[in-house]
Amino acid sequence: MREAKAKYDVFGVFAGHLERVRDLPKVLVVDDAMFMRTKASRLLTEEGYSVVEGSNGAEAVERYKSEKPDLVLMDITMPVQDGIEALKEIKAYDSDAKVIMVTALGQRSMVLEAIRAGARDFVVKPFQPDKLMEAVKKQCPSP
Amino acid sequence: MLKAGLVNPFVESAYKFLQSEINMEVTRGQLRLESSKATSGEINVALGVAGEAEGTVLYSMSERTAKAIAAELLGEAVPVFNELAESSIAEMGNIITGQAAAGLEEHGYVCKLTPPTIITGKGVMISTVDIQRLVIPIELPVGFIEISVALRYYNKK
């Protein structure tokens, strides 16, 4: 009986954890560089967001549809499908999608194209944590 | 012939990145021209450049230096040069070269970059064939990075 209750408690704690994660605002981080995804994901998790990741534009579109994130952080230059094409597909699927482009310097023309395609904002790489969080919180306040 | 003024974007970009991202004192060594195949480091990041400037940019360092830089970028110890450490060093090359490319564009040379490639191993021989490399040695408290800029310039303006 005691063992059964312990199992129930463990399950209860796990279920409670899942419930809390489910309630957190969800951000889809898309970058082909594992380092950039890890850096952004750690920062967002520390600030109370749940994070899902994608490593190219095609994965971003697929994960947007399956995960329904509250916000997307999207790199521009990626293999398979670039960030601008992925942004256009996501906006066609959900016109209210909130997408922030994460871009290297020297991509001004691409940033303008992204803004015309419906991106809400852009952050320059290498991003400063406070600059990234300022842009994220503007679109999607933390809990 | 490599124009010295066109090297400055690489130096400035490297300084900016290293000082802001890894928070270490950075000192530039003496520039030199090389045409040998040898690279100085066990960890090399190569990026291709195409457009009005074309060629290769190489970042070469020891594994010890690469691990120390990766540790700063990741904010955690890097005892083994693993996939995440590799990605961080590749991204360093990507960002420095990307910012330098933006600087080259201001001089009228518009170019695009290929994704970074990591080449590891002692005594690695990388040839830029008939393009001489301008080597920019960067000294850090954790070792050296050598940036080799092997570019040809085609200015249409």
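The shown structure was predicted, so the numbers you read here are calculated from the model rather than taken from an experiment. Labels below follow one simple rule: chain letters A, B, ... track the order of the sequence lines, proteins then strands, and each chain is numbered from 1.
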Next item on the list: Search all heavy atoms of A:Ala33 against all heavy atoms of B:Ser87 and return the closest pair with its distance.
Entry: C-OG, 3.7 Å

Within a radius of less than 6.0 Å around [atom1] of [X], do more than 12 heavy atoms belonging to other residues, nucleotides or ligands occur?
{"X": "A:Phe122", "atom1": "CZ", "result": "no"}
{"X": "A:Lys137", "atom1": "NZ", "result": "yes"}
{"X": "B:Asn23", "atom1": "CG", "result": "no"}

Next item on the list: Examine whether an atom of B:Glu83 lies under 4.5 Å from a heavy atom of chain A, and if so say whether it belongs to the side chain, the backbone or both; otherwise answer neither.
Entry: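 For B:Glu83, backbone and side chain are both near chain A.
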
Notebook entry, point to check: Under a 4.5 Å heavy-atom cut-off, does chain A meet the side chain of B:Leu84, its backbone, both or neither?
Noted result: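 Contact with chain A: backbone and side chain both.
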
Item checked: Separation of A:Lys39 NZ from B:Ser88 OG (nearest 0.5 Å) -> 10.0 Å

Notebook entry, point to check: In Å, rounded to the nearest 0.5 Å, how long is the span from CZ of A:Phe35 to CG of B:Asn94?
Noted result: 11.5 Å

Hydrophobic cluster membership, with links at side-chain heavy-atom distances under 4.5 Å among I/L/V/M/F/W/Y: are [X] and [Y] in one?
{"X": "A:Met34", "Y": "A:Met36", "answer": "yes"}
{"X": "B:Met92", "Y": "B:Tyr15", "answer": "yes"}
{"X": "B:Ile136", "Y": "B:Tyr109", "answer": "yes"}
{"X": "B:Ile131", "Y": "B:Leu31", "answer": "no"}
{"X": "A:Ile115", "Y": "A:Met74", "answer": "yes"}

Check: Salt bridge between A:Lys125 and B:Glu91, side-chain N to carboxylate O under 4.0 Å?
Finding: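 Salt bridge flag = yes for B:Glu91 with A:Lys125.
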
Next item on the list: Below 4.5 Å from any heavy atom of chain B, which atoms of A:Arg42 appear? Answer side chain, backbone, both or neither.
Entry: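 It is the side chain, since no backbone atom gets that close.
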
Check: Where along residues 73-80 of chain B does a heavy atom come under 4.5 Å of chain A, listed by residue number?
Finding: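 Listed by number, the contacting residues are B:Leu73, B:Leu74, B:Glu76.
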
Checklist line | Any A:Pro126 side-chain heavy atom under 4.5 Å of B:Lys16 side chain | finding: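 Side chain of A:Pro126 against side chain of B:Lys16, heavy atoms only: no contact under 4.5 Å found.
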
